Amino acid sequence: MTDTMTKAEWQTRAERLVFRTQPFIDGSFVSSSSEETFAPINPATGREVCRIAVGSAEDVDRAVKAARVSFQDGRWRKKSPLTKKSVLLRIADLIEKHGDELALLDVLEMGKTISNAKAELGFSAGFFRYYAEAIDKLNGDVIPADISTLAFNLLVSRGVVGAIIPWNFPLIMASLKVAPILAAGNSVVLKPSEIASTSSLRLAELATEAGVPNGVFNVVTGLGKTVGEAIGRHHGIDMLSFTGSTQTGRRLMAYSGESNGKPLLLELGGKSPQIITADMRSNIKGMVSQIMHEAFWNQGQWCVARSRLIVEAPLRDALVDALVKAAAEVVPGDTLDPSSTFGAIATTTQMERIQSYVTSAREDGARLLTPDFPVNGCFMSPMIFGEVTRDMRIAREEIFGPVMSIHTFTDFDEALDLANDTQYGLAASLWTKDLRRAHQAITALDAGKLTIRSTPGATEQSGFALASEGWGASGFGAEGGMAGLRSYCRLKAVELVS
Ligand code: ADP
């Protein structure tokens with residue numbers, strides 16, 4: 001990987017990039033049964049990135065058959081834990097070796113900045129390393145029984161796992177699904193988002209180079225309503241792991257119910273809060289960049305965006321002034337310029353959706369506190385709205401864009417009530433120096449992932465070992481950590497009676 005490339009050098013790299021554009025089935029790129037193609041559009045330039053095969057239900061069927069054969073004959077599943085571990089570690093090495101290329105693919109298709117895409121590589125490689133190391137540390141339980149019985153729970157692979165991912169962190173999402181799926185000995189059929197498919201295709205190719213046997217890791221490109229639905233309804237898929245919208249997650253529940261009842265892991269939308277208590281007054285300067293990061297990272301296009309700021313009244317004006325000033329300085333920039341930190345919104349459709357929320361906020365009486373910078377193609381600046389009431393659409397619905405709303409509280413119970421006044425429960429942040437309030441919030445907040453801080457500043461945090469599970473409309477099933485590995489295993493009860 002190169003760390004010192006200039007914008008011109010990235011542009012040259014981008015022009016020379018070779019795109020993988022066909023489904024990856026049984027260890028190689030194959031022609032789709034449909035002749036059609038679709039084109040992801042670079043939102044930063046409005047230009048076609050490449051043309052990708054529109055996969056079909058037939059392609060899904062082919063991929064499932066290849067995955068099934070590979071699972072049945074055990075060419076991956078039956079490998080020793082140490083062999084599997086070394087293969088996953090090699091995938092992580094290859095992600096780093098080809099990091100510039102993988103980062104560029106995500107930049108061109110979904111408009112994040114090259115500096116962010118490069119920073120994200122550490123997560124993708126990290127998931128493979130974490131799950132590589134986890135393979136020989138996951139064990140079942142021996143259960144107390146009478147003297148003539150040996151009773152134990154085995155953790156066995158689930159079989160063929162379908163994985164459907166969104167476009168916001170294409171390579172990270174593919175890695176977060178595929179690493180534990182493979183670590184648990186399964187075979188996988190992955191469907192990337194039609195908006196950003198090429199890093200998944202390249203990842204599958206690199207995994208094969210690393211030693212994943214043919215048929216174990218398949219990718220079918222294409223649309224949600226054809227390829228996605230075919231995966232959701234396929235009788236040969238034993239489990240489905242999905243990240244995306246609540247609406248699609250609920251469709252997948254129906255597909256499962258109407259087909260083979262496959263178990264689901266659903267990581268869906270969010271509308272997450274950040275609560276800030278008045279005792280954080282002396283830390284405003286330090287907090288601002290982290291509050292902004294939690295709300296606006298990836299142009300606000302992440303499911304754990306903590307975009308509802310719930311501030312204790314005495315701190316409100318000082319904190320909001322500092323935030324507005326910082327947000328006004330965020331300039332969306334050329335995505336291939338390494339100095340840009342804020343990129344484009346991924347698609348014109350997504351931009352229209354965000355702007356419809358901005359319009360609704362104005363119509364509902366919220367007040368824009370940041371400068372009213374004009375939208376330029378798929379580029380927009382972060383927006384902060386004050387005078388937001390909890391019934392407004394911008395306070396209730398997931399926007400998936402850089403729009404923050406400010407709420408004020410005088411009583412901590414009111415803050416917790418506001419934070420929980422949502423159908424979602426993915427994440428929540430609390431800034432406080434008050435241990436009693438921190439304690440209260442841990443119990444009271446309905447969210448899968450809580451971050452509680454009393455001081456700003458980076459820490460090493462917990463690496464990859466933390467698992468979380470959404471609540472309400474945010475889905476169910478654990479991702480991350482050892483619990484995330486267990487999600488892709490089935491429990492088998494054994495009684496060995498003499
Ligand atoms: P987003 O709005 O973030 O794109 P979606 O839920 O629409 O969220 O998409 C996430 C993933 O789900 C994408 O890979 C998309 O192609 C897929 N998808 C969309 N609709 C369906 C569907 N009806 N069945 C299965 N997958 C779908």
Side-chain angles (χ1 to χ4, degrees), residues 23 32 36 38-41 43 52-57 59-61 63-64 106 109-112 161-178 188-201 203-204 218-234 237 239-260 262 264-271 298-305 345-354 356-357 378 397-401 424 426 470 473-475 479:
S32 165
E36 287 168 59
F38 66 95
I41 304 292
I52 297 177
V54 177
S56 62
D59 296 331
V60 170
D61 205 40
V64 173
D106 284 357
E109 282 180 292
M110 69 69 62
K112 62 177 73 230
V161 179
I164 301 180
I165 55 171
W167 45 261
N168 56 343
F169 295 103
L171 186 66
I172 288 186
M173 288 294 161
S175 306
L176 174 56
K177 299 284 186 212
V178 171
V188 60
V189 176
L190 171 70
K191 187 199 113 45
S193 163
E194 50 273 47
I195 292 161
S197 324
T198 56
S199 58
S200 286
L201 290 167
L203 179 66
N218 308 278
V219 183
V220 183
T221 50
L223 309 180
K225 62 179 189 297
T226 47
V227 173
E229 180 165 347
I231 290 175
R233 291 189 182 279
H234 206 292
I237 290 185
M239 176 191 177
L240 177 56
S241 178
F242 170 75
T243 298
S245 63
T246 299
Q247 194 189 21
T248 303
R250 297 211 165 144
R251 283 206 179 111
L252 292 169
M253 290 167 80
Y255 300 160
S256 165
E258 288 160 13
S259 57
N260 60 342
K262 56 182 75 57
L264 302 172
L265 188 162
L266 302 180
E267 208 263 46
L268 309 176
K271 187 73 191 174
N298 209 36
Q299 294 73 254
Q301 302 166 116
W302 62 330
C303 44
V304 294
I345 300 302
T347 62
T348 48
T349 311
Q350 185 57 19
M351 179 59 113
E352 280 160 19
R353 191 180 135 87
I354 296 167
S356 83
Y357 280 107
C378 278
E397 295 176 25
E398 184 178 44
I399 299 175
F400 228 64
Y424 296 109
L426 206 55
S474 293
E479 276 205 304

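Start at 1 and go down the list; that is how both ligands and their atoms are numbered. For clarity, every value in this text was computed on a predicted model and none was experimentally measured.
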Colleague: Atoms of ligand 1 less than 4.0 Å from G228 heavy atoms?
Modeller: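 The atoms of ligand 1 under 4.0 Å from a heavy atom of G228 are 24 (N), 25 (C), 26 (N).
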Colleague: Output the list of atoms in ligand 1 that are nearer than 4.0 Å to some heavy atom of W167, sorted by atom number.
Modeller: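 This gives 1 (P), 3 (O), 4 (O) as the contact atoms.
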Colleague: At the 4.0 Å heavy-atom cut-off, does G249 count as touching ligand 1?
Modeller: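 For ligand 1, residue contact (heavy atoms, under 4.0 Å) with G249 is absent.
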Colleague: For atom 9 (O) of ligand 1, is the nearest protein heavy atom under 4.0 Å away?
Modeller: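 There is no protein heavy atom less than 4.0 Å from atom 9 (O) of ligand 1.
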Colleague: Work out which heavy atom in L240 is nearest to a heavy atom in K262; give both atom names and the distance.
Modeller: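 Of all heavy-atom pairs spanning L240 and K262, the closest is CB-CD, 3.9 Å.
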Colleague: Hey, is F400 one of the residues with a heavy atom under 4.0 angstrom from ligand 1?
Modeller: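 Per 4.0 Å heavy-atom rule, F400 does not contact ligand 1.
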Colleague: Output yes when the distance from some N or O of ligand 1 to some N or O of K225 is under 3.5 Å, and no in every other case.
Modeller: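 Between K225 and ligand 1, no N or O pair is found under 3.5 Å apart.
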Colleague: Kindly identify the option in R233, E194, Q247 whose heavy atom sits closest to atom 15 (C) of ligand 1.
Modeller: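 Comparing heavy atoms across R233, E194, Q247, the nearest one to atom 15 (C) of ligand 1 lies in E194.
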Colleague: May I ask you to check whether T243 has an N/O atom sitting below 3.5 Å from an N/O atom of ligand 1?
Modeller: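 Not met; the criterion fails.
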Colleague: So which atom in Q350 and which in I399 form the shortest heavy-atom distance, rounded to 0.1 Å?
Modeller: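 Heavy-atom minimum between the residues: NE2-O, 3.4 Å.
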Colleague: Taking side chain as C-beta onward, heavy atoms only, is I237 less than 4.5 Å from V64?
Modeller: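 Contact flag for I237/V64 side chains = yes.
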Colleague: Considering all heavy atoms of both residues, which atom of D59 and which atom of V54 are nearest to each other, and what is their separation?
Modeller: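 Looking at all heavy atoms of both residues, the shortest contact is OD2-O, 4.4 Å.
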Colleague: Does an N or O from I164, backbone or side chain, lie closer than 3.5 Å to an N or O of ligand 1?
Modeller: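 For ligand 1, there is no N or O atom that lies under 3.5 Å from one belonging to I164.
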Colleague: Please could you name the atoms of ligand 1 that P192 approaches to less than 4.0 Å, counting only its heavy atoms?
Modeller: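 That gives atoms 14 (O) of ligand 1.
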Colleague: Which pair of heavy atoms, one from V220 and one from G55, lies closest together, and at what distance?
Modeller: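 So the minimum-distance heavy-atom pair works out to CG1-CA, 4.3 Å.
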Colleague: Check whether any side-chain heavy atom of L203 lies under 4.5 Å from a side-chain heavy atom of L190, and answer yes or no.
Modeller: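 Side chain of L203 against side chain of L190, heavy atoms only: no contact under 4.5 Å found.
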Colleague: Is I165 touching ligand 1 with its side chain, its backbone, both, or neither, if touching means heavy atoms under 4.0 Å apart?
Modeller: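 Looking at I165 and ligand 1, just backbone atoms fall under 4.0 Å.
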Colleague: Counting only heavy atoms closer than 4.0 Å, does ligand 1 sit against the backbone of F242, its side chain, both, or neither?
Modeller: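 It is the side chain that touches ligand 1; the backbone stays farther off.
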Colleague: Identify whether the distance between the nearest side-chain nitrogen and carboxylate oxygen of K112 and E109 falls below 4.0 Å.
Modeller: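 Salt bridge between K112 and E109, a charged N being under 4.0 Å from a carboxylate O: no.
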Colleague: Taking the side chain as everything from C-beta on, heavy atoms only, tell me whether H234 gets closer than 4.5 Å to V189.
Modeller: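 No, too far: nothing below the 4.5 Å cut-off.
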Colleague: Give the atom numbers and elements of ligand 1 that come within less than 4.0 Å of a heavy atom of K191.
Modeller: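 In order of numbering, the contacting atoms are 14 (O), 15 (C), 16 (O), 17 (C).
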